[in-house]
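Numbers here simply count residues along the sequence, with the first being 1. The shown structure was predicted, so the numbers you read here are calculated from the model rather than taken from an experiment. Heavy atoms only: backbone and side chains are in, while hydrogens, waters and symmetry mates are out.
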Amino acid sequence: MSGWSARLAELSITIPPVVAPVAAYVPAVRTGNLVYTAGQLPMTDGKLPMAGKVGSEVSADEAKALARQCALNALAAVDSLTGIDSVVRVVKVVGFVASAPGFGGQPGVINGASELFGDVFGDAGAHARSAVGVSELPLNAPVEVEVIFEVA
């Protein structure tokens, strides 16, 4: 084991199986040296662990943990396509938070994904990012994350 695989083992992080698409798309696409993931929901063992709006049915802390799961699912998507050790850096993270009226903590929620990438990739995990509040997400998910990775 070498590279990022070794780092994941060091952190006791296991990449989950790739989440099956819920519509007509693929989990990730490579073009040149970039891999674009589809929007990743916080699916765990094939199920959405929580549903609802952040700031009402789902707390900001719960949503942050769900954003971390979205990031793990993005790692699974890139790993299935190119292998995790091919990752050069995380380029961009876009996070969507299904927000209750008045909830403005989207950046803190999406930190769940950003912090995971920092833990795993160190300086190569520093990325550009958007954290957007939305009214609805697929399956009534509280959070969704998409990622662009640079790969070797």
Please report the closest heavy-atom contact between Pro49 and Thr44, naming both atoms and the distance.
CG-OG1, 4.0 Å

Separation of Phe117 CZ from Arg89 CZ (nearest 0.5 Å):
12.5 Å

Does any non-hydrogen side-chain atom of Val26 lie less than 4.5 Å from one of Pro21?
no

Suppose we screen for salt bridge (Lys or Arg N to Asp or Glu O under 4.0 Å). Which residues come up paired with Glu115, at least two apart in sequence or across chains?
Lys64

Is there side-chain contact between Val147 and Lys92, with at least one heavy-atom pair below 4.5 Å?
no

Minimum-distance pair of heavy atoms, taken over all atoms of Ala100 and Ser56:
CB-OG, 3.7 Å

Spacing of Ile13 atom CD1 and Leu75 atom CG [to the nearest 0.5 Å]
8.0 Å

Kindly work out whether a path of hydrophobic side-chain contacts (I/L/V/M/F/W/Y, heavy atoms less than 4.5 Å apart) joins Leu81 to Val93.
yes

Under a 3.5 Å cutoff, is there a donor and acceptor pairing between the side chains of Arg129 and Asn111?
yes

What heavy-atom pair brings Pro107 and Gly104 nearest, and what distance separates the two atoms?
CD-O, 3.9 Å

Quick one, Gln69 and Pro16 - any side-chain contact, counting heavy atoms below 4.5 Å?
yes

Donor-acceptor contact below 3.5 Å, side chain Asn33 vs main chain Val151
no

Over all atoms of both residues, closest heavy-atom pair of Val143 and Ala63
CG1-O, 4.1 Å

Worked verdict on Asn73 versus Leu41 for side chain to side chain contact (heavy atoms under 4.5 Å, CB included)
CA-CA 8 Å; Asn73 292 341; Leu41 299 178; 6.0 Å; no

Given the rule that I, L, V, M, F, W and Y join up when any side-chain heavy atoms are under 4.5 Å apart, are Val90 and Leu34 in one cluster?
no

Does any N or O in the side chain of Arg7 come within less than 3.5 Å of the main-chain N or O of Ala9, such that one atom is a donor and the other an acceptor?
no

Looking at Ser99 and Val97, would you say the former's side chain and the latter's main chain have a donor-acceptor pair under 3.5 Å?
yes

Between Asp79 and Ile84, is there a donor-acceptor pair closer than 3.5 Å when you use the side chain of the first and the backbone of the second?
yes

Is the side chain of Trp4 donor-acceptor paired with the backbone N or O of Val87 at a distance under 3.5 Å, no angle test?
yes

Treating Ile, Leu, Val, Met, Phe, Trp and Tyr as nodes and any side-chain heavy-atom pair under 4.5 angstrom as an edge, say whether Val19 and Leu139 lie in one connected cluster.
yes

Does the side chain of Val54 come within less than 4.5 Å of Leu66's, by heavy atoms?
no

Between Glu136 (side chain only) and Val134 (backbone N and O only), is there a donor and an acceptor less than 3.5 Å apart?
no

Could you tell me whether the side chain of Gln40 reaches within less than 4.5 Å of the side chain of Glu146, counting heavy atoms only?
no

If you group Ile, Leu, Val, Met, Phe, Trp and Tyr by side-chain heavy-atom gaps below 4.5 Å, do Val132 and Leu137 land in one group?
yes

Verdict with supporting geometry, His127 and Val91, side chain to side chain contact (heavy atoms under 4.5 Å, CB included):
CA-CA 5 Å; His127 52 270; Val91 177; over 6 Å; no

Please tell me if the side chains of Phe96 and Val145 come closer than 4.5 Å, counting only heavy atoms from C-beta onward.
no

Quick check on the hydrophobic clustering: are Tyr25 and Val18 connected, directly or via other members, by side-chain heavy-atom contacts under 4.5 Å?
no

Side chain to side chain donor-acceptor pair (under 3.5 Å) partners for Ser130, two or more places apart
none

Here the gap from Ser86 atom OG to Glu150 atom CD, rounded to the nearest 0.5 Å, amounts to 10.5 Å

After noting the C-alpha distance and the side-chain angles of Phe149 and Thr37, does the key distance pass the side chain to side chain contact (heavy atoms under 4.5 Å, CB included) rule?
CA-CA 8 Å; Phe149 295 94; Thr37 72; 3.8 Å; yes

Nearest non-hydrogen partners of Asp85 and Gly3, listed with the distance
OD1-C, 3.5 Å

Looking at Val58 and Ala51, what are the two nearest heavy atoms and their distance?
CG2-O, 3.5 Å

Taking the side chain as every heavy atom from C-beta outward, state whether Val35 and Val29 have any pair of such atoms under 4.5 Å apart.
no

Check against side chain to side chain contact (heavy atoms under 4.5 Å, CB included), Leu72 and Ile15
CA-CA 6 Å; Leu72 286 170; Ile15 295 177; 5.8 Å; no

For the pair Glu57 (side chain) and Lys53 (backbone), establish whether a donor and an acceptor sit closer than 3.5 Å, ignoring hydrogens and angles.
yes

